[in-house]
Amino acid sequence: MTVVCNATPLINFAAINRLDILQAAFRQIVIPQAVYNETTVAGFPGSEFILQAVADRWLQVVSVSTITLNIPSELDNGEREAIALALETEERQILLDEREARQVAQSLGLQASGTLGILLLAKNRKIITQVQPLLDAMINTAQYWVSRSLYEQVLRQTGELID
């Protein structure tokens, strides 16, 4: 399965050196040039893992030819290019974390999933055995922000939090 990815999920998994989870879950991931630029800036934690994934060719950088007017300019460049790339390549699945970008993608007929959805998918497919240590590492290392209620909801879904 091929999927288009925005920067945040890539940043979260790269920061904890677990891009292997993305590779196992999706096999082939494409990112637009803006996402590549954003995630490989010097000093960015985990950028070397992203560069290695590109060198290994399971993470591909693809140029976007046009960004249609129905993709709002309020979204950042990576989000806009990722949505445009998904539409251009007819890949229906896109990995995005930001709420506004997900709403735009869904309104254009794309299936949006984010970091938490990827973790749940990986656990369901037995790619990983636990979500909590990875999620905690992303929160601590990548400064990934998750509300307490959503954090608990995800851990309840995986059976890792019992009330």
Side-chain angles (χ1 to χ4, degrees), residues 1-32 35-36 38-39 45-47 49-54 56-62 75-76 78-163:
M1 172 195 299
T2 301
V3 66
V4 175
C5 189
N6 185 39
T8 309
L10 209 51
I11 289 167
N12 288 329
F13 285 92
I16 62 167
N17 190 14
R18 290 306 308 265
L19 285 178
D20 61 298
I21 295 169
L22 287 176
Q23 184 182 19
F26 302 106
R27 305 226 193 306
Q28 184 71 51
I29 298 175
V30 292
I31 58 172
V35 168
Y36 177 80
E38 186 179 339
T39 58
S47 61
F49 304 123
I50 294 169
L51 292 169
Q52 186 59 55
V54 171
D56 293 343
R57 297 183 182 202
W58 66 264
L59 181 64
Q60 292 187 320
V61 183
V62 178
L75 300 181
D76 77 27
E79 293 163 350
R80 295 182 78 229
E81 283 194 19
I83 293 168
L85 183 60
L87 295 171
E88 210 172 273
T89 59
E90 298 184 359
E91 296 298 344
R92 302 321 302 162
Q93 193 166 10
I94 188 165
L95 305 176
L96 292 160
D97 273 327
E98 294 73 12
R99 181 181 293 135
E100 296 82 9
R102 290 166 66 115
Q103 288 170 341
V104 169
Q106 289 165 342
S107 75
L108 295 170
L110 301 173
Q111 295 174 337
S113 186
T115 298
L116 297 174
I118 297 163
L119 288 169
L120 291 170
L121 175 74
K123 172 118 185 212
N124 289 339
R125 290 190 183 165
K126 300 185 182 351
I127 296 166
I128 59 174
T129 57
Q130 284 188 294
V131 167
Q132 187 170 7
L134 299 168
L135 184 51
D136 289 347
M138 289 175 182
I139 290 167
N140 295 326
T141 308
Q143 278 75 55
Y144 180 53
W145 187 87
V146 180
S147 71
R148 189 78 199 154
S149 62
L150 186 55
Y151 177 89
E152 290 174 359
Q153 178 188 336
V154 166
L155 295 183
R156 258 188 226 97
Q157 262 183 277
T158 63
E160 294 176 44
L161 181 70
I162 296 132
D163 293 320

Going from [atom1] on [X] to [atom2] on [Y], what distance comes out if it is rounded to the nearest 0.5 angstrom?
{"X": "N12", "Y": "I118", "atom1": "CG", "atom2": "CD1", "value": "8.5 Å"}
{"X": "T8", "Y": "W145", "atom1": "OG1", "atom2": "CH2", "value": "14.0 Å"}
{"X": "L59", "Y": "T39", "atom1": "CG", "atom2": "OG1", "value": "7.5 Å"}
{"X": "E98", "Y": "L75", "atom1": "CD", "atom2": "CG", "value": "9.0 Å"}
{"X": "Q28", "Y": "C5", "atom1": "CD", "atom2": "SG", "value": "12.0 Å"}
{"X": "L155", "Y": "L150", "atom1": "CG", "atom2": "CG", "value": "9.5 Å"}

(Q) Would you say S113 and Q93 are linked by a side-chain donor-acceptor pair, where the criterion is simply a distance under 3.5 Å? (A)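 No, because no side-chain N or O of Q93 sits under 3.5 Å from a partner of the opposite role on S113.
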
Give every donor-acceptor pair under 3.5 Å between a side-chain atom in residues 101-110 and any protein atom, sequence neighbours left out.
unit_1	atom_1	unit_2	atom_2	d
R102	NH1	L96	O	3.0
S107	OG	V104	O	2.7

Q: Please say whether more than 12 non-hydrogen atoms of neighbouring residues, nucleotides or ligands are located less than 6.0 Å from CZ in R92.
A: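 Yes - once you tally the heavy atoms of other residues, nucleotides and ligands closer than 6.0 Å, there are more than 12.
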
Q: Could you go through the side chain to side chain contact (heavy atoms under 4.5 Å, CB included) check for Y36 and V62 one step at a time?
A: CA-CA 9 Å; Y36 177 80; V62 178; over 6 Å; no

Check whether any side-chain N or O of [X] sits under 3.5 Å from a backbone N or O of [Y] as a donor-acceptor pair, and report yes or no.
{"X": "D97", "Y": "T115", "value": "yes"}
{"X": "E160", "Y": "V131", "value": "yes"}
{"X": "Q143", "Y": "N140", "value": "yes"}
{"X": "D76", "Y": "G78", "value": "yes"}

Q | L161, L120, L119 screened by side chain to side chain contact (heavy atoms under 4.5 Å, CB included) with V154, the one that passes | A |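 Among L161, L120, L119, the one meeting side chain to side chain contact (heavy atoms under 4.5 Å, CB included) with V154 is L120.
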
Q: Take I50 and L19 through the side chain to side chain contact (heavy atoms under 4.5 Å, CB included) test and state the conclusion after the steps.
A: CA-CA 8 Å; I50 294 169; L19 285 178; 4.0 Å; yes

(Q) Ignoring hydrogens, what is the shortest heavy-atom contact between T2 and E91? Give both atom names and the distance. (A)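 The answer is O-OE1, 3.2 Å.
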
**Q.** Minimum heavy-atom distance between L22 and L95, given as atom pair plus value
**A.**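 So the minimum-distance heavy-atom pair works out to CD2-CD1, 4.3 Å.
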
**Q.** Candidate pair F49 and L10, rule side chain to side chain contact (heavy atoms under 4.5 Å, CB included), full reasoning
**A.** CA-CA 10 Å; F49 304 123; L10 209 51; over 6 Å; no

(Q) Using side chain to side chain contact (heavy atoms under 4.5 Å, CB included), reason through L135 and Y144 one step at a time and then give a plain yes or no. (A) CA-CA 9 Å; L135 184 51; Y144 180 53; 3.9 Å; yes

